[in-house]
Trainee: 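Before we start, here is the structure in question, set down as structure tokens.
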Amino acid sequence: MTGTPLPDLIVYGRPECGLCDEVRTLLRAMLAERAAAGLPTPALRDIDIDTDPALEREFFATIPVVELGGRRLETVTSAAKLRRLLTEVLDATAATA
């Protein structure tokens, strides 16, 4: 794909967080589906909130937090919400590129 690079897909979480692990697994599967379908697929970045006191204060009660293209979902575990975020942000980005 040429034009504007895709934003990274960021998961704010912490080690040994079961919900965070579930979200990472869901996102990896969704990204693999998108890639297989030839759709725009961002890089997945995992940020451990325990490594930054400011992030820990901001996200402690709301992890897992997923961010893409300036949009953020907090305490997200719904596959439908994650899929909608990917579609709305990535397909809109591809349409304007």
Side-chain angles (χ1 to χ4, degrees):
M1 181 174 145
T2 59
T4 307
L6 293 176
D8 286 345
L9 177 60
I10 302 169
V11 176
Y12 294 94
R14 53 183 356 156
E16 300 179 29
C17 166
L19 291 176
C20 301
D21 292 340
E22 287 177 30
V23 164
R24 288 182 199 104
T25 300
L26 279 170
L27 288 172
R28 284 185 195 107
M30 289 177 190
L31 293 176
E33 287 173 8
R34 289 184 65 85
L39 296 170
T41 307
L44 180 61
R45 284 185 42 215
D46 193 24
I47 297 180
D48 178 358
I49 66 167
D50 289 339
T51 63
D52 183 327
L55 290 176
E56 187 173 32
R57 279 190 303 276
E58 183 175 0
F59 297 129
F60 179 78
T62 60
I63 60 171
V65 175
V66 176
E67 184 176 275
L68 179 65
R71 292 187 48 193
R72 185 178 286 168
L73 298 175
E74 296 182 349
T75 319
V76 64
T77 57
S78 164
K81 286 182 181 180
L82 291 168
R83 192 174 305 279
R84 188 175 326 119
L85 175 70
L86 293 173
T87 300
E88 289 176 359
V89 173
L90 296 174
D91 296 344
T93 300
T96 60

Trainee: To the nearest 0.5 Å, how far apart are CG in Asp46 and CG in Asp8?
Mentor: 12.0 Å
Trainee: Would you compute the distance between atom OG1 of Thr87 and atom CE of Met30 and round it to the nearest 0.5 angstrom?
Mentor: 9.0 Å
Trainee: Let me confirm one number: the CZ-OG1 distance from Arg14 to Thr51, rounded to the nearest 0.5 Å.
Mentor: 10.5 Å
Trainee: Are Leu26 and Ile63 connected in the hydrophobic side-chain network, where two residues link if heavy atoms are under 4.5 Å apart?
Mentor: no
Trainee: Just how far is it from atom CG of Leu85 to atom CZ of Arg72, taken to the nearest 0.5 Å?
Mentor: 12.0 Å
Trainee: Quick one: CG on Asp48 to CD on Glu56, what's the gap to the nearest 0.5 Å?
Mentor: 9.0 Å
Trainee: With side chains defined as the heavy atoms from C-beta onward, is the minimum distance between Val76 and Leu82 less than 4.5 Å?
Mentor: yes
Trainee: Roughly how far, to the nearest 0.5 Å, is the CZ atom of Arg84 from the CZ atom of Arg71?
Mentor: 8.5 Å
Trainee: If I compare all heavy atoms of Gly13 with all of Cys20, which pair ends up nearest, and what's the gap?
Mentor: CA-SG, 3.7 Å
Trainee: Determine whether a donor-acceptor pair (N or O, by modelled atom type, separation under 3.5 Å) exists between the side chain of Thr75 and the backbone of Thr62.
Mentor: yes
Trainee: Are any non-hydrogen side-chain atoms of Leu86 and Leu9 less than 4.5 angstrom apart?
Mentor: yes
Trainee: Ile47 and Phe59: same hydrophobic cluster, using ILVMFWY side-chain contacts below 4.5 Å?
Mentor: yes
Trainee: Would you name the heavy atoms of Thr41 and Ala35 that are closest together and state the gap between them?
Mentor: OG1-N, 3.3 Å
Trainee: Hey, quick one: are Leu31 and Val23 part of the same hydrophobic cluster, counting side-chain heavy atoms closer than 4.5 Å, chains of contacts allowed?
Mentor: yes
Trainee: Linking I/L/V/M/F/W/Y whenever any side-chain heavy atoms sit under 4.5 Å apart, do Leu27 and Leu6 land together?
Mentor: yes
Trainee: Donor-acceptor pair, distance only, cut-off 3.5 Å: does the side chain of Arg34 make one with the backbone of Pro40?
Mentor: yes
Trainee: Given the rule that I, L, V, M, F, W and Y join up when any side-chain heavy atoms are under 4.5 Å apart, are Leu39 and Leu68 in one cluster?
Mentor: no
